[in-house]
Amino acid sequence: MKKFLLSLLDFIYKKKCYFCSSSKYSLKMCPKCYQELDFRSIQPVRIIEGVNIYSCGIYNKNLQKLIRGLKYHNQKELAYYLAKFMYEYFILLDDKRDFQVVSTPLHKNRIKKRKYNHMDLVVEEFCKLSNLEPNYELIKRIKDTKAQYKLTRLERMENLKDAFEVNMEKNLNKPVLILDDISTTGATFEEMIKTLKSKNIDTILCLAASSPD
């Protein structure tokens with residue numbers, strides 16, 4: 001009877017894949033669905049202020065669902081899979097520098113509404129995989145910007161102007177690796193780069209999980 005009840009509980013609470021609903025592996029993202037994530041070519045999608053901007057994949061299919069689930073639907077366990085995807089792309093860059101890893105910050109009002117910064121969770125998992133050091137306090141968003149998705153590049157740049165602030169007391173004096181989920185026009189990365197460079201932090205690399213095709 002005890003064995004039967006344990007089996008029943010295991011069946012009831014077995015994790016289903018968020019993407020295909022399979023419970024075969026009892027994982028939030030099964031190996032089959034993870035393998036369907038495709039890398040972009042190993043080259044910058046743009047160069048801003050002399051800084052290489054890389055995008056790991058195209059924002060569609062499972063990668064889109066992965067990001068949206070983590071970002072909007074409280075699927076925090078998905079942070080590991082997004083971090084793994086980004087790390088596997090990152091190691092292909094063969095960049096051996098000892099980075100401090102920074103997430104794209106959210107304004108406190110956005111965090112209050114969403115309850116967490118999903119990219120902080122990704123940075124945490126990314127650093128476990130890479131043995132790099134996270135830095136959650138180097139750069140903050142001090143301007144409560146509008147949502148970007150309907151804005152042109154010029155509108156995005158204006159929206160993001162003076163949005164960030166660097167806390168030099170928290171600088172680890174290492175190169176900076178910035179992680180973000182989506183880079184559409186590069187405007188967010190550009191404003192962060194400018195803000196860091198205004199404090200003479202010049203050695204920067206940017207890595208987005210995705211960008212539009």
Side-chain angles (χ1 to χ4, degrees), residues 29 31 33-68 70-71 78-105 117-139 148 153 160 164 166 170-213:
M29 188 172 195
C33 290
Y34 182 80
Q35 289 301 319
E36 290 175 3
L37 300 176
D38 292 323
F39 288 141
R40 280 184 174 272
S41 59
I42 310 302
Q43 61 184 24
V45 289
R46 54 179 56 85
I47 299 173
I48 297 173
E49 300 275 326
V51 173
N52 286 341
I53 312 294
Y54 291 92
S55 171
C56 302
I58 296 172
Y59 185 65
N60 63 11
K61 300 179 182 176
N62 279 359
L63 186 53
Q64 182 183 53
K65 187 170 182 178
L66 172 55
I67 291 169
R68 291 186 64 83
L70 172 62
K71 190 172 184 176
L78 295 179
Y80 166 76
Y81 299 97
L82 190 60
K84 184 173 185 281
F85 180 66
M86 296 180 77
Y87 174 66
E88 289 176 353
Y89 183 95
F90 174 73
I91 58 178
L92 295 174
L93 301 180
D94 198 29
D95 194 324
K96 301 291 196 290
R97 287 177 291 179
D98 183 22
F99 288 99
Q100 52 183 321
V101 186
V102 172
S103 58
T104 302
N117 181 352
H118 64 294
M119 288 311 299
D120 281 352
L121 304 180
V122 174
V123 164
E124 180 181 359
E125 297 295 341
F126 184 93
C127 288
K128 289 177 186 176
L129 293 166
S130 64
N131 291 317
L132 296 173
E133 189 170 1
N135 190 338
Y136 304 106
E137 299 181 86
L138 178 64
I139 187 164
Q148 299 262 93
R153 175 169 170 76
L160 288 162
F164 302 105
V166 173
K170 300 298 182 180
N171 185 19
L172 302 177
N173 296 309
K174 295 179 178 183
V176 174
L177 173 60
I178 306 173
L179 302 188
D180 202 359
D181 54 0
I182 309 166
S183 179
T184 304
T185 67
T188 302
F189 279 141
E190 183 168 347
E191 188 62 27
M192 291 181 72
I193 290 165
K194 287 178 179 177
T195 304
L196 288 165
K197 288 197 168 197
S198 72
K199 299 295 184 180
N200 296 315
I201 299 175
D202 298 311
T203 309
I204 305 165
L205 184 69
C206 296
L207 184 64
S210 68
S211 55
D213 193 2

Are any of the side-chain heavy atoms of [X] and [Y] separated by less than 4.5 Å?
X    : Y    : answer
K61  : K65  : no
F189 : R46  : no
M192 : T188 : yes
V51  : D202 : no
V176 : I139 : no
L205 : N52  : yes
F126 : M119 : no

If you measure from [atom1] on [X] to [atom2] on [Y], what distance do you get to the nearest 0.5 Å?
X    : Y    : atom1 : atom2 : value
D98  : Q100 : CG    : CD    : 9.0 Å
L207 : Y87  : CG    : OH    : 12.5 Å
L129 : Y80  : CG    : OH    : 6.0 Å
E137 : L172 : CD    : CG    : 9.5 Å
I58  : D38  : CD1   : CG    : 8.0 Å
I193 : I204 : CD1   : CD1   : 5.5 Å

Any Lys/Arg nitrogen of K174 or E133 sitting under 4.0 Å from an Asp/Glu carboxylate oxygen of the other?
yes

So which heavy atom on [X] is nearest to which on [Y], and how close?
X    : Y    : result
L70  : L78  : N-CD1, 4.0 Å
A83  : E125 : CB-CB, 3.5 Å
S210 : I67  : OG-CD1, 3.3 Å
M29  : Y81  : O-CE2, 3.6 Å
N62  : E36  : ND2-OE1, 3.1 Å
R40  : D213 : NH2-CA, 3.7 Å

Just by modelled atom types, is the S211 backbone N or O under 3.5 Å from a matching donor or acceptor in the S55 side chain?
yes

Determine whether a donor-acceptor pair (N or O, by modelled atom type, separation under 3.5 Å) exists between the side chain of Y89 and the backbone of S41.
yes

Pair R97, T203: side-chain N/O donor-acceptor within cut-off below 3.5 Å:
no

Using distance only, find each side-chain donor-acceptor pair of residues 177-184 under 3.5 Å and give its atom names and separation, not counting sequence neighbours.
residue: D180; atom: OD2; partner: T104; partner atom: OG1; Å: 3.4
residue: D181; atom: OD2; partner: K71; partner atom: NZ; Å: 3.1
residue: D181; atom: OD2; partner: H118; partner atom: NE2; Å: 2.9

Mind checking ring-ring contact (aromatic ring centres under 6.0 Å, His included) for F85 and listing every partner two or more places apart, or none if nothing turns up?
F39

Name all residues meeting the ring-ring contact (aromatic ring centres under 6.0 Å, His included) criterion together with Y54; count only those two or more places apart in sequence or in a different chain, and write none if there are none.
none

